[in-house]
Amino acid sequence: PGEQRLQRSALGFLPSQLHDRKLEDVKSDLEALMQTTLFEFVGVGAQKPINEIFKVVSTLAAGRAPHWPATNIELMATVKDRLSAACRVRISGEGQNSSNKEQVLTGKA
């Protein structure tokens, strides 16, 4: 039960299509979660997925491509899906005289 509660809490911090969140805010929330008694109580095995989520979020927040762990496949697939809502790509017109305005795409493109 503690492990599931911890994972639900971590997933609740992540962005979604309906809940836009900055990666720095997610990172701060995960850091706070990792300081709780619950995190300490569940033990190393249950802490590992949270540490992996934190590492992925930190890497994305730094503008780098993360390494996706091969463990906790179902949980990490959910994390990947939720984090796709935080991915943004800027597209602007070509050339100096382009009349196209910059567009921002979010999510899975």
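Predicted model only: the values in this text are computed from it and were never measured.
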Interatomic spacing from NE2 in His19 to CZ in Phe13 - rounded to 0.5 Å: 10.0 Å
Listed once per pair and sorted, the side chain to side chain donor-acceptor pair (under 3.5 Å) pairs that draw on residues 23-34, sequence neighbours left out: Arg21-Asp29
Sub-4.5 Å side-chain heavy-atom contact between Asn51 and Phe39: yes
From Ile50 atom CD1 to Leu30 atom CG, the distance as rounded to the nearest 0.5 Å: 7.5 Å
Pairs touching residues 36-48 that satisfy side chain to side chain donor-acceptor pair (under 3.5 Å), sequence neighbours left out: none
Kindly list each side-chain donor-acceptor pair under 3.5 angstrom involving residues 53-62, sequence neighbours excluded, with atom names and distances?
{"unit_1": "Ser58", "atom_1": "OG", "unit_2": "Phe54", "atom_2": "O", "d": "2.9"}
{"unit_1": "Thr59", "atom_1": "OG1", "unit_2": "Lys55", "atom_2": "O", "d": "2.8"}

Reported OG-to-NZ distance for the pair Ser84 and Lys80, which is rounded to 0.5 angstrom: 10.0 Å
Gap between atom CG of Asp81 and atom OG of Ser16 - 0.5 Å precision: 9.5 Å
Atom pair CG (Leu75) and CZ (Arg8), whose distance is rounded to the nearest 0.5 Å: 12.0 Å
Any side-chain heavy-atom pair of Leu14 and Leu11 under 4.5 Å: yes
Nearest heavy atoms of Ala46 and Leu6, plus distance in Å: O-CD2, 3.8 Å
side-chain hydrogen bond (donor to acceptor under 3.5 Å, both in side chains) against Asn72, all qualifying residues, sequence neighbours excluded: Glu52
Minimal non-hydrogen separation, Gln7 against Pro49, with atom names: NE2-CG, 4.0 Å
